[in-house]
Amino acid sequence: MCGIVGYVGSRPALDVILDGLRRLEYRGYDSAGVAVLDGAGGLAVERKAGPLANLETRLAEVGTTQFNGTTGMGHTRWATHGGPTDRNAHPHRDNAGKVAVVHNGIIENFIALRAGLEADGVELTSDTDTEATAHLVARAYDEGPTAGDLAASVRAVSRRLEGAFTLLFTHADRPGEIVAARRSSPLVVGLGDGETFLGSDVAAFIEHTRDAVELGQDQVVTITADGYTVTDFAGEPVEVKPFRVTWDLAAAEKGGHDYFMLKEIEEQPTAIADTLRGHLIDRRIVLDEQRLADADLRDVDKVFVVACGTAYHSGLLAKYAIEHWTRLPVEVELASEFRYRDPVLDRQTLVVAISQSGETMDTLEAVRHAKEQKARVLAICNTNGAQIPRESDAVLYTHAGPEIGVAATKTFTSQIAATYLVGLALAQARGTKYPDEVAREFAELEAMPAAVASALEAVDATRELAYDLALSRAVLFLGRHVGYPVALEGALKLKELAYMHAEAFAAGELKHGPIALIEQGLPVVVVMPSPKGRAVLHAKLLSNIQEITARGARTVVIAEEGDETIRPFAHHLLEVPAVPTLLQPLVSTVPLQVLAAEIARARGYDVDKPRNLAKSVTVE
Ligand code: M6R
């Protein structure tokens with residue numbers, strides 16, 4: 001949700017910033033903007049509604065001579081307050097044009113701040129919550145106890161702000177310096193040789209350095225070409241821990257694919273293998289970070305899984321595995337609903353928070369609520385050191401690498417693998433599985449990258465089918481047991497990428513209402529259970545298929561290789577390898593991902609940047 005880049009060094013800042021914005025555009029693409037200090041008191045700003053390409057065109061038209069400096073910052077926006085227009089695009093400036101600001105998050109007390117400024121005669125030129133901060137910092141820098149000190153001015157203003165924010169400020173009189181403040185929104189510092197970077201995530205500067213520092217809550221950082229200093233909002237120095245990014249530039253590039261999403265779909269075998277790697281030691285499951293005693297895990301008597309979107313679907317799958325392996329009751333909750341319904345939580349409750357980004361505000365607030373109620377929290381996250389894992393008692397990272405496509409793909413299947421590891425860790429802690437059983441389940445998981453690779457072989461057949469389905473008005477999805485969350489995920493992918501009406505049902509529910517939707521030619525995607533592993537359910541779904549076919553549905557069936565009984569009833573058959581029942585979602589998801597992406601492409605949409613969405617949702 002909004003991408004931010006900052007640079008201080010010796011290279012032309014504009015080039016570095018535009019490169020960074022290109023890599024961060026998946027965070028928001030409603031508008032983009034840049035600000036560069038020329039070192040002689042000049043502050044050049046350009047901003048443009050629409051994707052980054054519009055800003056680049058604009059810069060080519062107006063010329064970039066005034067952007068001749070080595071300090072600057074940029075922004076790519078997902079609009080919250082104020083529509084996606086030029087005037088609402090960041091950076092925003094104070095009336096004197098000295099201070100520029102870019103912002104990610106929401107400043108909740110903006111109405112009062114704007115009203116106060118207007119009462120003082122300040123002319124506001126946008127509809128945003130952000131602009132007020134530029135005026136406030138300019139004023140704090142000009143007068144009073146913080147005069148002439150940009151970091152102190154930013155700290156003073158930050159103390160007045162409510163909500164979530166990452167804010168970067170420059171002042172025309174202070175070339176060679178950027179000051180940033182952070183609360184509940186991500187910010188990392190990149191450490192180069194004679195140059196320093198700021199980014200919403202490391203993708204902003206991965207091309208230049210893999211050495212980074214993550215800022216904590218309520219901290220202010222000042223960067224110069226020589227390094228950085230961090231304080232809290234009161235000005236007290238703070239120690240921060242540097243880390244090294246484990247992936248490189250190639251991971252954040254398309255690598256010959258037409259779009260990131262297809263690359264990321266194809267990376268799933270590696271992502272799953274990397275997620276599992278090193279987590280079984282001496283027939284014991286080990287997590288990445290555990291700030292919990294083993295006894296705490298053993299004493300868990302109830303599990304809640306909280307997550308949003310695709311991560312929520314991986315949580316639904318976790319329920320099948322965790323309940324089956326541990327006999328613990330598991331409830332799966334949309335993070336956005338969790339804290340508003342007063343769930344029953346105590347010290348023996350384990351809350352598993354699943355988030356690719358680790359910064360989704362709904363999930364973060366659910367974690368905070370759980371902790372206030374004394375529950376233990378275990379995070380499953382794809383982003384090292386993000387806020388959700390930082391605030392959790394235990395962490396298991398998915399090692400899927402950067403996911404640039406807005407639609408979650410490899411992180412979904414990696415999350416499934418990770419939640420199953422959590423299930424096994426709980427089973428071992430509670431003694432519901434012996435070490436050799438844990439090792440056996442782990443071995444089955446370890447066989448999955450090869451199975452997913454084989455599922456990927458059907459990409460071309462799926463692509464052809466996609467072109468066939470692209471003109472449909474709507475698509476329904478059916479599944480049962482673990483096939484039901486897969487159906488939900490397939491429908492979500494189609495909605496977000498192809499903007500088609502897509503809805504998933506547990507197939508058993510058909511006769512309770514949804515069958516009324518079936519009409520001549522309506523495509524219905526059916527995720528079949530295994531005829532061997534779930535024979536009873538297989539037979540029931542076969543009947544459902546006949547019921548809908550009789551009413552005119554056109555069936556697209558995802559079925560296990562060798563399932564001959566399904567052939568006569570499937571208009572289109574997409575086969576996936578036979579795997580153990582609980583692991584079937586890892587393979588049956590693949591054709592649904594490809595289908596959604598290719599239907600979107602056939603309809604002429606940008607697969608990596610679907611409309612109205614952003615990769616990280618850092619607002620509630
Ligand atoms: O970063 P998170 O996993 O917390 O994100 C949760 C959802 O916003 C995310 O999965 C979203 O639903 C995806 N765009 C779906 O493809």
Side-chain angles (χ1 to χ4, degrees), residues 272 275 302-338 341 343 349-356 360 362-363 366-367 370 378-382 396 398 407-424 426 445 448 476-496 502-510 514 525-530 533-534 537 541 558 579-590 592-593 596:
I272 297 167
T275 296
K302 184 166 58 172
V303 178
F304 277 98
V305 182
V306 292
C308 303
T310 290
Y312 170 74
H313 297 154
S314 74
L316 291 176
L317 289 164
K319 178 178 169 77
Y320 293 88
I322 299 177
E323 287 188 340
H324 181 60
W325 288 335
T326 66
R327 309 313 299 151
L328 280 168
V330 180
E331 288 187 43
V332 190
E333 294 254 355
L334 290 168
S336 52
E337 290 293 318
F338 183 67
R341 67 162 192 86
T349 311
L350 180 71
V351 172
V352 178
I354 310 175
S355 173
Q356 181 284 129
T360 298
D362 290 316
T363 312
V367 165
L378 187 155
I380 293 177
C381 182
N382 195 44
L396 185 60
T398 49
T409 52
K410 61 178 177 172
T411 56
F412 175 58
T413 42
S414 304
Q415 281 163 354
I416 299 171
T419 61
Y420 286 13
L421 289 180
V422 169
L424 292 176
L426 282 169
L445 274 168
M448 290 313 293
L476 298 188
F477 291 74
L478 297 178
R480 285 197 82 140
H481 191 254
V482 291
Y484 174 45
V486 172
L488 288 168
E489 175 61 9
L492 175 63
K493 287 279 131 349
L494 200 57
K495 275 179 235 185
E496 71 174 332
E503 212 172 333
F505 301 101
E509 281 294 292
L510 257 187
V525 178
V526 186
V527 184
M528 283 303 283
S530 161
R534 282 289 180 279
L537 288 182
L541 255 165
I558 318 283
V579 298
T581 297
L582 283 174
L583 302 179
Q584 204 215 25
L586 290 167
V587 289
S588 51
T589 296
V590 173
L592 299 187
Q593 295 169 337

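Scored by the side-chain contact (heavy atoms from CB on, under 4.5 Å) test, A370 finds F338, L345, V351, A375, V377 as partners (sequence neighbours excluded). When the side-chain contact (heavy atoms from CB on, under 4.5 Å) test is applied to A335, the partners found at least two apart in sequence or on another chain are V306, C308, D362, T363, A366. For K319, the salt bridge (charged side-chain N to carboxylate O under 4.0 Å, His left out) partners at least two apart in sequence or on another chain are E323.
We find the CG-OH distance between L424 and Y420 to be 10.5 Å, quoted to the nearest 0.5 Å. The line from OG1 of T275 to CD1 of I416 is 11.0 Å long, rounded to the nearest 0.5 Å. Note that CG of L510 is 9.5 Å distant from CZ of R480, once rounded to the nearest 0.5 Å. Going from atom CD1 of I354 over to atom CG of L378 covers 9.5 Å, rounded to the nearest 0.5 Å. From L537, atom CG reaches atom OH of Y484 across 14.5 Å, with rounding to the nearest 0.5 Å. Going from atom CD of Q415 over to atom CG of N382 covers 7.5 Å, rounded to the nearest 0.5 Å.
Considering all non-hydrogen atoms of both residues, G309 and L492 come closest at C-CD2, 4.0 Å. Contact detail for A502 and A491: the closest heavy-atom pair is CB-O, 3.6 Å. Counting all heavy atoms, side chain and backbone alike, G423 lies closest to I322 at CA-CG1, 3.8 Å.
Between M448 and V587 the shortest side-chain heavy-atom distance falls below 4.5 Å. At a threshold of 4.5 Å between non-hydrogen side-chain atoms, the residues W325 and L426 do not count as touching. For the pair F412 and P585, the minimum side-chain heavy-atom distance is 4.5 Å or more. For the pair V527 and L478, the minimum side-chain heavy-atom distance is 4.5 Å or more. Put simply, the side chain of L582 reaches to within 4.5 Å of the side chain of V482, judged on heavy atoms. Looking at heavy atoms from C-beta onward, V303 lies out of side-chain contact with T349 at the 4.5 angstrom threshold. Within the 4.5 Å cutoff, the side chain of L592 has no heavy atoms near those of the L494 side chain.
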Exercise for the section: Report the C-alpha separation of F477 and E503 in whole Å, then their side-chain angles, then the decisive distance to 0.1 Å, and conclude whether the side chain to side chain contact (heavy atoms under 4.5 Å, CB included) test is met. Expected result: CA-CA 6 Å; F477 291 74; E503 212 172 333; over 6 Å; no
Handout entry: Verdict with supporting geometry, L328 and K302, side chain to side chain contact (heavy atoms under 4.5 Å, CB included)
Key = CA-CA 6 Å; L328 280 168; K302 184 166 58 172; over 6 Å; no
Handout entry: Stepwise side chain to side chain contact (heavy atoms under 4.5 Å, CB included) check, L350 with F304
Key = CA-CA 6 Å; L350 180 71; F304 277 98; over 6 Å; no
Exercise for the section: Apply salt bridge (charged side-chain N to carboxylate O under 4.0 Å, His left out) to the pair R341 and E333, showing each step before the final yes or no. Expected result: CA-CA 11 Å; R341 67 162 192 86; E333 294 254 355; 2.2 Å; yes
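Side-chain contact, T310 with E489: a donor N or O sits under 3.5 Å from an acceptor N or O.
Side-chain atoms of T411 do not come within 3.5 Å of backbone N or O of A408 as any donor-acceptor pair. Under a 3.5 Å cut-off, the side chain of T398 and the backbone N or O of C381 do form a donor-acceptor pair.
Of the residues listed (I558, L583, V579), the one engaging S588 in a side chain to side chain contact (heavy atoms under 4.5 Å, CB included) is I558, and it is the only one.
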